[in-house]
A.B. asks: 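I'd like to ask some things about the structure below.
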Protein chains: 2
Amino acid sequence: MDNVQSDGMTKDQETRPPDGRFVDTYLLYLLAAASEKASSQFHSHVRKAGLRVPEWRALACLYENEGMMITELAELSLMEQSRMTRIIDQMDQRKLVRRVSDGSDRRRVLVKLTKEGKTLASRLVSDAREHEENLLSDLADTDAARIKPVLQVLLSRL
Amino acid sequence: MDNVQSDGMTKDQETRPPDGRFVDTYLLYLLAAASEKASSQFHSHVRKAGLRVPEWRALACLYENEGMMITELAELSLMEQSRMTRIIDQMDQRKLVRRVSDGSDRRRVLVKLTKEGKTLASRLVSDAREHEENLLSDLADTDAARIKPVLQVLLSRL
DNA sequence: AGAATTTATATGATTTTTCATATTAATTGG
DNA sequence: CCAATTAATATGAAAAATCATATAAATTCT
């Protein structure tokens, strides 16, 4: 409780007051932290549903958006192509997606949700929407209410 | 170029128009994508400086904030404790940090920047600030100008 | 057409990350 | 004070991610 400091220092080393730290005002940190913390609840829901986070990402990207190339899907899902290939392998084995070779360009593999994949995707997307609504309603009366357009503008400028 | 569709479908499968996809308006996706894409440039700068991203995170968290416990540092750096332990191992070997056992609680390890670590941290933090300024100045005239307070409010509610 | 280049996906080898748990030290409750 | 519990860090084994590159198909150039 008592926090005696023998020498008179200007910067508090212990019990640092709000925003004394670099990271607390650094945009890229705020983004990473916000993403991390805002997602953690839902990610544990995803795991309870038997998916790992990257699988959920692929599923969400495929939702109502079937027939994506591995490369497209990787880009949209924010992961590297070789990782996406392996994730699709696993989801294929679990019959959540199937690979269909693209007739017009035989290098390409179109990834499509199976019936089962669609069912799971719909369920989780609707859980995600509900979760998002709750999050947003907590922010309704704050500065953060406009977070979605803010992020969309940021993304459009990157 | 021409995008003939033989059957009359209501949902465009190809060349989807803006925001037809779930993820394009889903908050957690926008956060992840914004974080990912906003950081990628600077992360490659970090790697050119000879650090991996998690090391940079630890360094940034330690900047002007020495003597953190592994657990604290892990929490602040958004990573798991066992990973932080190993990252500190490596940074210790590279003499960027040193471990000091906490006299008042011998379970604890205080991580401190070495002289060399401080030098590197100052350099990268100032690069980060410059990079952030550039990012923000791109957003100055948009909706996204207030992104930092928006994220801070979001974080405070999580 | 055919060689050179580019694009899409897959894969082997390595490095990271995670998960569960061990170890050691402090704290709490009888 | 001792036993039980909680807390901080470390570590082995397993899983996942990355990196470089292979393979195969399409495109471009001459």
Side-chain angles (χ1 to χ4, degrees), chain A residues 1 14 32 35-36 39-40 43-44 46-48 50-59 61-62 66-94 96-112, chain B residues 1 14 32 35-36 39-40 43-44 46-48 50-59 61-62 66-94 96-112:
Chain A
M1 195 72 7
E14 302 101 39
S35 176
E36 195 60 28
S39 302
S40 72
H43 285 175
S44 82
V46 162
R47 279 182 288 262
K48 279 171 211 146
L51 286 181
R52 279 162 288 149
V53 170
E55 291 171 330
W56 153 239
R57 293 204 163 146
L59 207 70
C61 290
L62 285 167
E66 285 183 69
M68 297 187 78
M69 289 170 49
I70 297 269
T71 311
E72 281 174 348
L73 186 55
E75 159 72 13
L76 189 62
S77 303
L78 311 169
M79 63 182 100
E80 298 207 350
Q81 173 267 317
S82 70
R83 178 136 82 111
M84 182 53 80
T85 291
R86 290 186 230 251
I87 284 161
I88 293 302
D89 283 347
Q90 297 168 341
M91 295 177 77
D92 190 359
Q93 281 164 33
R94 288 182 57 184
L96 295 172
V97 300
R98 63 182 186 286
R99 290 175 206 257
V100 180
S101 139
D102 180 337
S104 70
D105 183 340
R106 287 170 29 259
R107 291 168 304 180
R108 295 183 181 172
V109 173
L110 298 179
V111 182
K112 306 200 180 203
Chain B
M1 197 74 3
E14 303 100 41
S35 176
E36 194 61 28
S39 301
S40 72
H43 285 175
S44 81
V46 162
R47 279 182 288 263
K48 278 172 212 146
L51 285 182
R52 279 163 289 147
V53 170
E55 290 171 332
W56 153 240
R57 292 206 164 144
L59 206 71
C61 290
L62 285 167
E66 283 184 70
M68 296 186 79
M69 289 169 48
I70 296 270
T71 311
E72 281 174 349
L73 186 55
E75 158 74 12
L76 189 63
S77 304
L78 311 169
M79 63 182 102
E80 298 207 350
Q81 174 267 317
S82 69
R83 178 138 80 112
M84 182 55 79
T85 291
R86 291 185 229 252
I87 284 161
I88 293 302
D89 283 345
Q90 296 167 342
M91 294 176 78
D92 190 359
Q93 281 165 33
R94 288 182 56 185
L96 295 172
V97 300
R98 63 183 186 285
R99 289 175 206 257
V100 180
S101 141
D102 180 338
S104 71
D105 183 339
R106 288 172 24 260
R107 292 169 304 181
R108 296 183 181 172
V109 173
L110 298 179
V111 181
K112 305 201 180 201

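First the proteins, then the strands, lettered A, B, ... as listed; each starts at 1.
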A.B. asks: Quick one: closest heavy-atom pair of A/Arg57 and B/Ala32, and the distance?
C.D. replies: NH2-CB, 3.8 Å
A.B. asks: Listed by chain and number, what are the side chain to side chain donor-acceptor pair (under 3.5 Å) partners of B/Gln81, not counting sequence neighbours?
C.D. replies: B/Thr85
A.B. asks: I need the minimum non-hydrogen distance between A/Met91 and A/Ala58, along with the two atoms involved.
C.D. replies: SD-CB, 4.0 Å
A.B. asks: How would you list, by chain and number, every residue that makes a side chain to side chain donor-acceptor pair (under 3.5 Å) with B/Arg99, sequence neighbours excluded?
C.D. replies: B/Asp89
A.B. asks: Please report the distance, rounded to the nearest Å, between CZ in A/Arg106 and C1' in C/dA8.
C.D. replies: 13 Å
A.B. asks: For A/Gly103 and A/Met79, find the nucleotide of DNA chain D closest to each by heavy atoms; which residue's nucleotide sits nearer the 5' end?
C.D. replies: A/Met79
A.B. asks: What's the CG-P distance between A/Asp105 and C/dA8, to the nearest Å?
C.D. replies: 8 Å
A.B. asks: Provide, to the nearest angstrom, the distance between the CG atom belonging to A/Asp102 and the P atom belonging to C/dT7.
C.D. replies: 17 Å
A.B. asks: Below 4.5 Å, heavy atoms only, C-beta onward: do A/Val97 and A/Met68 meet side chain to side chain?
C.D. replies: no
A.B. asks: Mind grabbing the angle between the end helix axes of the helix from C/dA1-D/dT30 to C/dG30-D/dC1? Five pairs an end, 10° rounding.
C.D. replies: 30°
A.B. asks: Starting from C1' on C/dT17, measure out to CD on B/Glu80 and report it in whole angstrom.
C.D. replies: 8 Å
A.B. asks: Remember a base hit wins even if backbone is also touched, and classify B/Met84 as base, sugar-phosphate or nothing at under 4.0 Å, heavy atoms.
C.D. replies: nothing
A.B. asks: Applying side chain to side chain donor-acceptor pair (under 3.5 Å), can you list everything that pairs with A/Arg52, at least two apart in sequence or on another chain?
C.D. replies: A/Glu55, A/Gln90
A.B. asks: What residues form a side-chain contact (heavy atoms from CB on, under 4.5 Å) with A/Thr71, not counting sequence neighbours?
C.D. replies: A/Met69
A.B. asks: My understanding is that only residues two or more places apart in sequence, or in another chain, count here; which of them pass side-chain contact (heavy atoms from CB on, under 4.5 Å) with B/Ser44?
C.D. replies: B/Arg47, B/Lys48
A.B. asks: Check the interface with nucleotides 10-12 of chain C: list each N/O to N/O pair with the protein under 3.5 Å, or write none.
C.D. replies:
{"residue": "C/dA10", "atom": "OP1", "partner": "A/Arg99", "partner atom": "NH1", "Å": "2.7"}
{"residue": "C/dA10", "atom": "OP2", "partner": "A/Thr85", "partner atom": "OG1", "Å": "3.2"}
{"residue": "C/dA10", "atom": "OP2", "partner": "A/Arg99", "partner atom": "NH1", "Å": "2.9"}
{"residue": "C/dA10", "atom": "N7", "partner": "A/Gln81", "partner atom": "NE2", "Å": "2.8"}
{"residue": "C/dA10", "atom": "N6", "partner": "A/Gln81", "partner atom": "OE1", "Å": "3.3"}
{"residue": "C/dG12", "atom": "O6", "partner": "A/Arg86", "partner atom": "NH2", "Å": "2.2"}

A.B. asks: Quick one: A/Glu75 CD to C/dT7 P, roughly how many Å, whole number?
C.D. replies: 15 Å
A.B. asks: Using the test side chain to side chain donor-acceptor pair (under 3.5 Å), find all partners of B/Ser101 that sit at least two apart in sequence or belong to another chain.
C.D. replies: none
A.B. asks: Once salt bridge (Lys or Arg N to Asp or Glu O under 4.0 Å) is applied, do any residues pair with A/Arg107, and if so which ones, sequence neighbours excluded?
C.D. replies: A/Asp105
A.B. asks: Picking from C/dA25, C/dT17, C/dT9, which would you name as closest to the side chain of B/Pro54?
C.D. replies: C/dT17
A.B. asks: Give the rounded distance in Å between these two atoms: CD1 of B/Ile87 and C1' of C/dT18.
C.D. replies: 12 Å
A.B. asks: Would you mind telling me which residue lines up with the more 5' stretch of DNA chain C, A/Arg47 or A/Glu72, judged by nearest nucleotide?
C.D. replies: A/Glu72
A.B. asks: A/Arg108 CZ to C/dT7 C1': how many Å, rounded?
C.D. replies: 9 Å
A.B. asks: At the 4.0 Å heavy-atom cut-off to chain B, mark where contacts on DNA chain D begin and end, going 5' to 3'.
C.D. replies: D/dA7 to D/dA13
A.B. asks: Scan residues 74-84 of chain B for pairs that pass salt bridge (charged side-chain N to carboxylate O under 4.0 Å, His left out), counting only residues two or more places apart or in two chains.
C.D. replies: A/Lys37-B/Glu75
